[in-house]
**Student:** 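Following this message is one structure expressed as structure tokens.
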Amino acid sequence: MSPYDFDHADRIVTAAADGEDQAVEAALRPKLLDEFIGQERVREQLSLVLQAARKRGSAPDHVLLSGPPGLGKTTLSMIIAAELNAPIRITSGPAIQHAGDLAAILSSLTEGEVLFLDEIHRMSRPAEEMLYMAMEDFRVDVIVGKGPGATAIPLELPPFTLVGATTRAGLLPPPLRDRFGFTGHMEFYAPAELQRVVHRSATLLDVEIDPAGAAEIAGRSRGTPRIANRLLRRVRDYAQVRHDGVITQEIAAQALQVYEVDARGLDRLDRAVLDALLRLFGGGPVGLSTLAVAVGEEAETVEEVAEPFLVREGLLARTPRGRIATAAAWTHLGLTPPQTQPRGPVPAQGELFDGARDAG
Ligand SMILES: Nc1ncnc2c1ncn2[C@@H]1O[C@H](COP(=O)(O)OP(=O)(O)OP(=O)(O)O)[C@@H](O)[C@H]1O
């Protein structure tokens, strides 16, 4: 059994929403643009788009929000509707498998309604094509009948605002991307912004927290409000069960140690990958599959679950020769790099060695 063996299925630091998140997120969502923390650029640009539309008394341009999960795309779409004083309909790309599904939604929209389409890059092709016309001309062609006798009946739609959200803007076909008048790119949040998110959520949850406690949680939240809110709830549990319920820096740090989220937001899987890379392979380069075997995980898990954050944090680099730990990785795990750290291009031999390890 690998010393790194563990179950990562319930990762506390995943940016994807779990069941508990969904239940409490509604209560924690900012309702208006002024309450929305961070994302200054998107907020300012969006505010202009919405104010101009209100002034003209017409529906604003369609809005595309792109960025990693948990940064507030759904929240912003609800804010757009609230700011326009319009109702909102929420659906997602995977829920629209046939053009008919989309036609049914579009034809039931009321004038000025906001249609939020999450994961818009996962819509089926025929639905996507129907959406082009709906976005541009507020019209769809409903096909009646089958085969040579099929006819297209044009259907007028009331003006509406589409808010599309995607984690993969690059996957959107250009004709779809071009039909959005405004695109907001969401960025990971700075620690000070997340500290405000934590503070705001604590107030809504009726939990007492001091600024250092909020900063401690923020620093471990991987730039993501959803993770910050989740860690806050776990720290609250700890503070209530083991102490008097007040969250201080010390309590937050103790609680997150219990949940194995370290000072930089790495969890057990992240640290296992780094630890193996440093201790077993001297900092690399080492092939992905070798590293995965060493930590007792599937290669895809290491590549898709652990590595993106390690790369983002500048702790690990992916190179054609294999994975390499950076100087910051040695420091983070409190280890001293060996004297002969690979510098510059690694000789072809390294490649062979790496391949041989992978083969074994
Ligand atoms: N700027 C913010 N200020 C305060 N809270 C925020 C902010 N952004 C997000 N949140 C909170 O983070 C949680 C997740 O946000 P949201 O569901 O909008 O993310 P998302 O980007 O739509 O994620 P996904 O793509 O996974 O659906 C919500 O509880 C929301 O209240």
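Read the numbers this way: they start at 1 and go in the same order the structure lists the ligands and their atoms.
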**Student:** Among all protein non-hydrogen atoms, which one is nearest to atom 19 (O) of ligand 1, and what is the separation to 0.1 Å?
**Tutor:** G72 N, 3.1 Å
**Student:** Please confirm whether R43 makes a cation-pi placement over F36, using NZ or CZ under 6.0 Å from the six-membered ring centre and within 45° of the ring normal.
**Tutor:**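 No, cation not above the ring by the 6.0 Å, 45° rule.
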**Student:** Polar contacts were defined as any N/O atom of the residue lying under 3.5 Å from an N/O atom of the ligand; does this apply to L71 and ligand 1?
**Tutor:** yes
**Student:** Report the member of P30, A27, A15, P225 with the shortest heavy-atom distance to atom 4 (C) of ligand 1.
**Tutor:** P30
**Student:** Would you mind checking if R323 and E303 are paired as a salt bridge, meaning a charged N to carboxylate O distance below 4.0 Å?
**Tutor:** yes
**Student:** Tell me if a side-chain donor or acceptor on H62 pairs with a main-chain N or O of M135 at a distance below 3.5 Å.
**Tutor:**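 Yes, the answer is positive, given that a donor and an acceptor are paired below the 3.5 Å cut-off.
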**Student:** Enumerate the atoms of ligand 1 whose separation from the nearest heavy atom of T75 is less than 4.0 angstrom.
**Tutor:**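 Going through ligand 1 atom by atom, the ones under 4.0 Å from T75 are 15 (O), 16 (P), 18 (O), 30 (C).
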**Student:** Using a strict 4.0 Å cut-off to heavy atoms of Y189, name the atoms of ligand 1 that fall inside it.
**Tutor:**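 It comes down to these atoms of ligand 1: 1 (N), 2 (C), 7 (C), 8 (N).
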**Student:** Taking atom CG of L46 and atom CZ of R41, what is their separation to the nearest 0.5 Å?
**Tutor:** 13.5 Å
**Student:** Under a 3.5 Å distance rule, please check whether K73 uses its side chain to pair with a backbone N or O of L64 as donor and acceptor.
**Tutor:**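 Here the side-chain-to-backbone pair does not exist.
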**Student:** For ligand 1 and R200, I'd like to know whether there is a polar contact (N/O to N/O, distance under 3.5 Å).
**Tutor:** no
**Student:** Ignoring hydrogens and geometry, is there a side-chain-to-backbone donor-acceptor pair from R220 to V261 under 3.5 Å?
**Tutor:**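 At least one qualifying donor-acceptor pair exists.
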**Student:** What residue and heavy atom of the protein are closest to atom 26 (O) of ligand 1, and at what distance?
**Tutor:** R226 NH1, 2.8 Å
**Student:** Could you list which atoms of ligand 1 come closer than 4.0 Å to a heavy atom of K73?
**Tutor:** 18 (O), 19 (O), 20 (P), 21 (O), 22 (O), 25 (O)
**Student:** Which of the numbered atoms in ligand 1 are under 4.0 angstrom from any heavy atom belonging to D118?
**Tutor:** 27 (O)
**Student:** Around atom 17 (O) of ligand 1, find the nearest protein heavy atom and jot down its residue, atom name and distance.
**Tutor:** R29 NH2, 2.7 Å
**Student:** Classify the ring geometry of Y238 against H243: parallel below 30°, tilted from 30° to 60°, perpendicular beyond 60°.
**Tutor:**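 Answer is tilted, since the angle falls between 30° and 60°.
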**Student:** Any chance the side chains of T301 and E298 put a donor and an acceptor closer than 3.5 Å?
**Tutor:**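 Checked: T301/E298 side chains show no N/O donor-acceptor pair below 3.5 Å.
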**Student:** Going by the order shown, which atoms of ligand 1 are within less than 4.0 Å of some heavy atom of L28?
**Tutor:** 31 (O)
**Student:** Below the 3.5 angstrom mark, is there an N/O of G70, backbone or side chain, next to an N/O of ligand 1?
**Tutor:** yes
**Student:** Return the residue, atom name and 0.1 Å-rounded distance of the protein heavy atom closest to atom 14 (C) of ligand 1.
**Tutor:**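 Atom 14 (C) of ligand 1 sits closest to the protein heavy atom E25 OE2, 3.6 Å.
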**Student:** Could you walk me through whether D275 and R279 satisfy the salt bridge (charged side-chain N to carboxylate O under 4.0 Å, His left out) test, starting with their C-alpha distance in whole Å, then the side-chain angles of each, then the deciding distance to 0.1 Å, before giving a yes or no?
**Tutor:** CA-CA 6 Å; D275 194 86; R279 285 185 210 268; 2.9 Å; yes
**Student:** Ignoring angles and geometry beyond distance, decide whether I37 reaches within less than 3.5 Å of ligand 1 through its nitrogen or oxygen atoms.
**Tutor:** yes
**Student:** For atom 22 (O) of ligand 1, which candidate among N229, L194, T167, T74 holds the nearest heavy atom?
**Tutor:** T74
**Student:** Scan residues 160-179 for pairs that pass side-chain hydrogen bond (donor to acceptor under 3.5 Å, both in side chains), counting only residues two or more places apart or in two chains.
**Tutor:**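 For residues 160-179: H121-T166, E136-R179.
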